[in-house]
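Worksheet: the structure to be examined is printed underneath.
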Amino acid sequence: MNKTEYSGLKKIVSWNVNSVNARLPHLLDYLRTEQPDILCLQELKCMTEKYPKADIEALGYGSQVFGQKAYNGVAILSKSPLELVSENFEDNAADVSARFIACRQNDVVFMCAYVPNGQSLGSEKFLFKLDWLHRMRKYLEAKFSPRDKIVLVGDFNIAPDDRDVYDPVGWKEHIHCSAQERESLSLVTRFGFIDTFRIHNQKNGQFSWWDYRDGSFLENRGLRIDLIFATPSMALKCKGSRIAFEQRSKERPSDHAPVESFFDI
DNA sequence: ATGGCTAGCCCGGCTAGA
């Protein structure tokens, strides 16, 4: 999908910025030139007080921010008002990580998720990751219906299938690609979500993350782990999706590129 | 092969990411 095809459509974006303050020049440049309607950020890596609110407001964007010291942190940005729905899953879990925020704008709920990395199969962090996704499913069931208009985006830290992995044989049953993780992701999506990137595009080799090391981006050795899901009523309105690779070519980039889906709403 | 980058933390080597 090229830029002329999406004029007039609402642009909804997911971007793991790997520190909002380290990435501030790129973020402001992206807001100025790309004018997203909804921008969901993950890995702010700062407390809410340290979020660069004023610089972002100067470009006309408001933010709903759920920050945390050093790690994690998520935010949703828009030029139109966003009403906070929830931070994390409101399930009284002994989980202090700031990884989920949901906001409403008109009749659509936007959810921004930073799914735990999981480190390695069978580790404590791996079990936390699977449990986190199960908690997300429970949250969805408790508060929403698949008939609602919901756009759920984020860094899922799971490549949905082998087309989303540069070396599926080498990554088989490795973290981000294991059957257990894919099953837990499927548990969430079976609530009623469609992967909007795949509505109009079935090709392999299209990635949203590339390791900083070893020239991975130049060789396109990456994974598609940043995903934009929508419930059917919203997915019907999705006209296309693209990955903003150009952001990954910049100097001192995030290791993730923004993923953009375009909606006729 | 468990490293190869990068960012935050509290001020140089650790943790964590994916």
Side-chain angles (χ1 to χ4, degrees), chain A residues 14-28 40-52 55 65-75 95-100 112-133 153-182 184-185 197 204-227 243 245 247-259:
Chain A
S14 182
W15 191 11
N16 178 324
V17 284
N18 185 17
S19 168
V20 69
N21 286 304
R23 220 62 60 211
L24 188 59
H26 292 344
L27 173 61
L28 297 177
C40 296
L41 301 179
Q42 303 89 36
E43 275 209 88
L44 302 178
K45 287 188 169 176
C46 67
M47 292 183 288
T48 302
E49 310 86 275
K50 298 274 174 74
Y51 179 85
D55 291 304
V65 184
F66 182 27
Q68 177 188 335
K69 191 175 182 179
Y71 305 111
N72 308 319
V74 286
D95 172 13
V96 293
S97 55
R99 293 181 176 272
F100 181 87
C112 174
Y114 177 43
V115 177
N117 174 295
Q119 199 166 54
S120 58
L121 267 67
S123 67
E124 224 169 274
K125 288 178 180 177
F126 184 73
L127 299 176
F128 178 70
K129 178 181 197 173
L130 301 185
D131 184 56
W132 197 91
L133 289 162
V153 321
D155 175 0
F156 283 79
N157 271 314
I158 300 170
D161 67 60
D162 283 351
R163 291 173 298 175
D164 305 314
V165 184
Y166 73 93
D167 175 15
V169 174
W171 280 73
K172 195 174 168 59
E173 287 307 305
H174 276 71
I175 194 71
H176 309 302
C177 304
S178 70
Q180 276 187 91
E181 289 165 276
R182 286 173 173 172
S184 295
L185 177 62
F197 185 77
N204 63 2
Q206 305 170 100
F207 308 127
S208 64
W209 169 87
W210 303 258
D211 201 303
Y212 281 123
R213 299 165 288 193
D214 228 17
S216 297
F217 180 65
L218 293 172
E219 304 288 333
N220 197 30
R221 290 191 296 262
L223 303 172
R224 188 176 72 93
I225 55 178
D226 299 275
L227 310 172
I243 297 169
F245 308 100
Q247 294 298 322
R248 188 61 175 79
S249 314
K250 289 186 167 183
E251 203 145 324
R252 295 189 79 78
S254 168
D255 45 355
H256 298 251
V259 180

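Keep in mind it's a predicted model, so treat the numbers as computed, not measured. Atom set for the values below is all heavy atoms of this structure, side chains included, hydrogens, waters and symmetry mates excluded.
- In terms of heavy-atom proximity, A/R182 sits nearest to A/P160 at NE-O, 3.4 Å.
- Each of A/R99 and A/R23 has a nearest nucleotide on DNA chain B; the 5'-most of these lies closest to A/R23.
- Looking at residues 118-127 of chain A, you'll see A/K125 sit with a heavy atom under 4.0 Å from some atom of DNA chain B.
- Taking atom CH2 of residue A/W209 and atom C1' of nucleotide B/dC5, one finds them 11 Å apart after rounding to whole Å.
- Residues of residues 247-257 of chain A having a heavy atom closer than 4.0 Å to DNA chain B, listed by number: A/R252, A/H256.
- In terms of the side chain to side chain donor-acceptor pair (under 3.5 Å) criterion, residue partners of A/R224 (sequence neighbours excluded) are, by chain and number, A/D164, A/D195.
- Residues A/L24 and A/P52 come closest through the heavy atom pair CD1-CG, 3.6 Å.
- The distance between atom CG of A/N72 and atom P of B/dG17, rounded to the nearest whole Å, is 7 Å.
- Listed by residue number, A/R213, A/D214 are the residues of residues 213-221 of chain A with a heavy-atom contact under 4.0 Å to DNA chain B.
- Atom C1' of nucleotide B/dA16 and atom OH of A/Y114 are separated by 8 Å, given to the nearest angstrom.
- Listed by first and then second residue, the salt bridge (Lys or Arg N to Asp or Glu O under 4.0 Å) pairs involving residues 121-132 of chain A are A/K129-A/E181 (not counting sequence neighbours).
- No donor-acceptor pair closer than 3.5 Å links the side chain of A/H176 to the backbone N or O of A/G118.
- Within the model, atoms CG of A/D155 and CG of A/L41 stand 12.0 Å from one another, a figure rounded to the nearest 0.5 Å.
- Remark: A/D161 engages A/R163 in a side chain to side chain donor-acceptor pair (under 3.5 Å) (not counting sequence neighbours).
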Practice prompt. Return one dot-bracket line describing DNA chain B 5' to 3' (Watson-Crick or G-U wobble pairs, both distances under 3.5 Å; ( ) same strand, [ ] crossing, | another strand, . none).
Written response: ....(((((...))))).

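- A/N16 comes within 4.0 angstrom of the backbone, heavy atoms only, and of no base.
- Between A/L227 and A/I158, the shortest heavy-atom distance links the atoms CD1-O, 4.1 Å.
- Judged as a side chain to side chain donor-acceptor pair (under 3.5 Å), and not counting sequence neighbours, the contacts of A/Y166 are A/W171.
- Taking atom C1' in both B/dA18 and B/dT2, one finds a spacing of 14 Å when rounded to whole Å.
- Applying the side-chain hydrogen bond (donor to acceptor under 3.5 Å, both in side chains) definition to pairs two or more places apart or across chains, those involving residues 207-223 of chain A are A/N18-A/Y212, A/S208-A/D226, A/W209-A/D255, A/W210-A/N220, A/D211-A/R213.
- A/N16 places no side-chain N or O within donor-acceptor distance of the main-chain N or O of A/E43, the cut-off being under 3.5 Å.
- Regarding A/Q42, its CD atom lies at a distance of 10 Å from the P atom of B/dA18, rounded to whole Å.
- A straight line from OH of A/Y212 to P of B/dA16 spans 18 Å, rounded to a whole angstrom.
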Filtered N/O pairs between nucleotides 8-10 of chain B and protein, under 3.5 Å:
| unit_1 | atom_1 | unit_2 | atom_2 | d |
| --- | --- | --- | --- | --- |
| B/dG8 | OP1 | A/S19 | OG | 2.5 |

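- A/A98 and A/G67 get closest at one heavy-atom pair: CB-O, 3.7 Å.
- Counting all heavy atoms, side chain and backbone alike, A/I175 lies closest to A/N117 at CG1-O, 3.7 Å.
- Atom CG in A/D211 sits roughly 13 Å away from atom P in B/dG3 (whole-Å rounding).
- Put simply, CG on A/L27 is 16 Å from C1' on B/dA7, counting in whole angstrom units.
- No donor-acceptor pair closer than 3.5 Å links the side chain of A/R99 to the backbone N or O of A/A113.
- Heavy-atom distances under 4.0 Å link DNA chain B to A/H176 of residues 159-178 of chain A, given in residue order.
- With rounding to whole Å, A/Q68 atom CD is found 19 Å from B/dA7 atom P.
- At most 12 heavy atoms of other shown residues, nucleotides or ligands fall within 6.0 angstrom of atom NZ in A/K172.
- Distance alone, capped at 3.5 Å, is enough to place a donor-acceptor pair between the A/E173 side chain and the A/A179 backbone.
- Applying the 90° cutoff around 0 to the glycosidic angle, B/dG4 is assigned syn.
- For the side chain to side chain donor-acceptor pair (under 3.5 Å) test, no residue two or more places apart in sequence or in another chain qualifies with A/S19.
- Using C1' as the reference atom, B/dG13 and B/dA1 are 23 Å apart when rounded to the nearest Å.
- Rounded to whole Å, the separation between the C1' atoms of B/dG8 and B/dG12 comes to 13 Å.
- Taking atom C1' on both nucleotides, B/dT15 is separated from B/dC11 by 15 Å, rounded to a whole Å.
- In summary, the side chains of A/Q42 and A/S14 do present a donor paired with an acceptor at a separation below 3.5 Å, with no hydrogens or angles considered.
- The two atoms that bring A/F128 and A/S97 nearest to each other are CZ-OG, 4.0 Å, heavy atoms only.
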